[in-house]
There are 2 protein chains.
Amino acid sequence: MSQQRHGSTPGSGSGNVPAFPDLPEATIARLPEYLRALHNLGEGGSDTISSEGLAAAAGVNSAKLRKDLSHLGSYGTRGVGYDVALLIEQIEYVLGLDQRRAVCLVGVGNLGHALAGYDGFASRGFKIVALLDADEAKVGEVIHGLAVRHIDELAQVAVEESIAIGVIATPAGAAQAVADELVAAGVTSILNFAPCVLSVPANVDVRKVDLAIELQILSFHEHRKATLTALPGGRSATGAGNQEAVGS
Amino acid sequence: MSQQRHGSTPGSGSGNVPAFPDLPEATIARLPEYLRALHNLGEGGSDTISSEGLAAAAGVNSAKLRKDLSHLGSYGTRGVGYDVALLIEQIEYVLGLDQRRAVCLVGVGNLGHALAGYDGFASRGFKIVALLDADEAKVGEVIHGLAVRHIDELAQVAVEESIAIGVIATPAGAAQAVADELVAAGVTSILNFAPCVLSVPANVDVRKVDLAIELQILSFHEHRKATLTALPGGRSATGAGNQEAVGS
DNA sequence: GTCTGTGAACTACTTCACAGCA
DNA sequence: TGCTGTGAAGTAGTTCACAGAC
């Protein structure tokens with residue numbers, strides 16, 4: 001959150017590895033969107049794309065896009081645009097997508113089941129390599145080609161499969177215990193679908209997705225729109241912000 | 001961020017409807033968290049809770065919580081804390097949860113199937129009242145007590161069931177067409193799980209959840225942590241932000 | 001002329017620190 | 001005294017507008 005420094009070398013001019021850019025959180029959250037848009041454009045055969053065009057494809061304004069990309073370094077050409085292939089490569093590098101990251105999923109209930117088979121993970125470089133559950137009745141069940149193992153095997157699985165990211169899809173009551181076990185097993189990134197706050201050490205990153213919260217936020221806006229249009233001085237229904245994207 | 005006025009009457013002394021508070025987006029996104037924490041506390045039997053206590057339960061700091069709640073009005077007592085029941089009622093009112101909002105889900109594939117059965121919706125006041133899909137093979141299938149109907153019936157369903165929120169869980173290629181149909185049917189809030197940008201009129205609110213993006217953000221942080229600890233001058237793994245919550 | 005990269009202005013959000021009420 | 005509510009200060013993020021490379 002503090003200073004932002006782009007691609008140039010850091011103080012202690014070290015090797016050939018580009019210094020790791022210190023990107024604003026908001027930028028990081030948008031890079032995956034740009035990447036997806038670029039992949040779509042790449043399939044369309046374009047070699048280069050203007051900030052205006054890419055911004056439109058990603059649903060942001062062009063000034064924001066240019067500033068975001070400028071944090072990665074200069075990969076555009078003035079008067080021309082950005083080289084699609086080069087930019088894809090660069091964003092994938094920064095996001096760490098050039099290395100395959102193994103994911104384990106804990107909790108194979110209703111939601112976990114769907115996540116286990118979600119195409120979007122595999123198609124974007126993430127592979128679920130282990131399914132775990134506390135319920136003995138589920139252990140052994142094969143879901144999308146992977147057998148469910150018992151949660152007690154977590155530590156062993158984490159080592160065997162070099163788990164990078166743990167996904168928690170258990171009920172809220174079990175989530176903290178699972179998080180503790182993930183942390184103990186050396187996992188430092190957690191995606192939490194359980195509706196609860198997790199407490200973890202400072203070096204562990206947690207992201208939370210709560211589907212009901214999203215609906216509640218929409219509900220607020222419905223309520224707001226209804227109230228404003230019903231009010232005497234109410235202006236036309238053309239409200240404030242729409243198209244809020246998720247991401248901290 | 002203009003005026004904040006609590007439950008009392010608005011300027012143009014109209015009816016008994018309290019003026020609708022103009023809350024910052026960031027605050028809105030946190031209200032559901034506070035609500036969940038309050039419900040947990042309420043079950044524990046507490047009548048009042050301090051900002052410190054509620055903040056801890058919701059995973060934020062207490063100054064932020066107090067400022068957020070102050071936007072709703074004064075529902076705390078200095079020297080004591082907040083009345084749990086009163087605060088729950090107030091937050092539910094603002095979020096529009098006192099009226100039941102009907103949800104329709106379009107796309108009953110892998111993910112849609114899970115969403116149809118997701119407990120978290122029902123338990124927090126949202127009822128999925130219709131399932132729709134373009135695939136004739138799926139039409140008629142009963143999922144969690146609800147029969148799948150054909151997407152062409154959308155307009156009819158929207159009226160019959162007074163749909164307030166549409167959830168899109170189709171593949172990316174179909175999402176824009178579905179969004180257009182939802183808008184045409186008068187739906188003004190959309191939750192989009194498809195990995196694509198939707199374009200909608202200004203009065204329609206869209207929120208997007210992209211599960212792969214969440215993983216990519218975590219991947220970035222994994223990459224960052226790995227790079228920093230590997231660097232000569234690398235500081236200890238105790239990184240910057242963790243526990244990022246989703247929400248714009 | 002075109003379109004990127006970026007200082008500067010602006011807006012939104014967070015945190016501090018304390019006045020003031022119970 | 002204890003704790004809320006809130007101005008003021010600080011920080012992060014966005015948008016503008018234009019210099020400068022192609």
Side-chain angles (χ1 to χ4, degrees), chain A residues 1-8 21-31 33-34 38 46-84 86-87 90 240-241 243-245 247-248, chain B residues 1-8 21-31 33-34 46-56 58-84 86-87 90 240-241 243-245 247-248:
Chain A
M1 322 299 168
S2 32
Q3 74 279 57
Q4 63 236 45
R5 197 80 312 158
H6 37 64
S8 50
D22 188 2
L23 307 172
E25 273 302 320
T27 296
I28 296 162
R30 284 187 295 263
L31 289 179
E33 282 287 356
Y34 301 156
L38 285 164
S46 320
D47 275 5
T48 62
I49 178 77
S50 69
S51 65
E52 201 68 54
L54 182 53
V60 301
N61 85 32
S62 63
K64 194 188 281 185
L65 177 126
R66 287 200 301 279
K67 181 139 287 189
D68 283 342
L69 295 186
S70 77
H71 289 123
L72 305 181
S74 281
Y75 296 98
T77 307
R78 286 163 202 244
V80 179
Y82 297 92
D83 180 302
V84 172
L86 180 60
L87 196 49
Q90 192 51 216
Q243 192 92 357
E244 297 288 343
S248 93
Chain B
M1 266 77 316
S2 30
Q3 76 281 50
Q4 63 238 43
R5 196 96 289 174
H6 33 68
S8 51
D22 188 3
L23 306 173
E25 272 301 321
T27 296
I28 296 161
R30 283 187 296 263
L31 290 179
E33 283 287 355
Y34 301 155
S46 320
D47 275 5
T48 62
I49 178 76
S50 67
S51 64
E52 200 69 54
L54 182 53
V60 302
N61 85 33
S62 63
K64 194 187 281 184
L65 177 126
R66 286 200 301 278
K67 182 139 288 192
D68 283 342
L69 295 187
S70 77
H71 288 122
L72 305 183
S74 282
Y75 295 101
T77 308
R78 289 165 201 241
V80 179
Y82 297 93
D83 181 302
V84 173
L86 180 61
L87 197 49
Q90 192 52 216
Q243 193 92 358
E244 298 287 345
S248 93

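Below, chains carry the letters A, B, ... as their sequence lines are ordered, and counting in each starts from 1. Because the structure is a prediction, the values reported are computed rather than measured.
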| remark: Note: Y82(B) and G76(B) closest approach over all heavy atoms is CD2-CA, 3.4 Å
| note | side-chain contact (heavy atoms from CB on, under 4.5 Å) with R30(B): of D68(B), L65(B), L23(B), only one passes, and it is D68(B)
| request: Examine dT14(D): is either OP1 or OP2 under 4.0 Å from a nitrogen or oxygen in the side chain of R30(A)? Give yes or no. | output: yes
| query | When you check the phosphate oxygens OP1 and OP2 of dG5(D), does a side-chain N or O of S74(B) lie under 4.0 Å from one of them? | reply | yes
| query | Once you round it to whole Å, what is the distance between C1' of dG5(C) and NE2 of H71(A)? | reply | 11 Å
| task | Mind calculating the distance between CG (N61(B)) and C1' (dG10(D)) to the nearest angstrom? | result | 14 Å
| message | Could you measure the distance from the CG atom of L69(B) to the NZ atom of K64(B)? Nearest 0.5 Å is fine. | response | 13.0 Å
| said: Looking at every non-hydrogen atom in both residues, tell me the closest pair between T48(A) and D83(A) and how far apart they are. | reply: CG2-CA, 4.3 Å
| task | Measure from CG on L54(B) to P on dG5(D) and round the result to the nearest Å. | result | 12 Å
| When rounded to the nearest 0.5 angstrom, what is the spacing between CD1 in I28(A) and NE2 in H71(A)? | 10.5 Å
| query | Taking atom P of dG7(D) as reference, at what distance in whole Å does atom NZ of K67(B) sit? | reply | 7 Å
| task | Could you check whether T27(A) gets within reach of a base, just the sugar-phosphate, or nothing at all, counting any heavy atom under 4.0 Å? | result | nothing
| field | E25(A) CD to dG13(D) C1', straight-line distance once rounded to whole Å | value | 12 Å
| query | Does a nitrogen or oxygen in the side chain of Y82(B) sit under 4.0 Å from OP1 or OP2 of dG5(D)? | reply | yes
| task | Rounded to the nearest angstrom, tell me the gap between atom CD in E52(A) and atom C1' in dC16(D). | result | 14 Å
| query | Of all the choices, dT6(D), dT4(C), dT14(D), which nucleotide is nearest to the side chain of S70(B) once you look at every atom? | reply | dT6(D)
| Closest-nucleotide 5' rank along DNA chain D - winner of G79(A) and A63(B) | A63(B)
| said: Output the rounded distance in Å from NZ (K64(A)) to C1' (dC3(C)). | reply: 20 Å
| query | Does dT4(D) have OP1 or OP2 sitting under 4.0 Å from an N or O in the side chain of S51(B)? | reply | yes
| In terms of the nearest nucleotide of DNA chain C, which residue is placed more toward the 5' end: R66(B) or V80(A)? | V80(A)
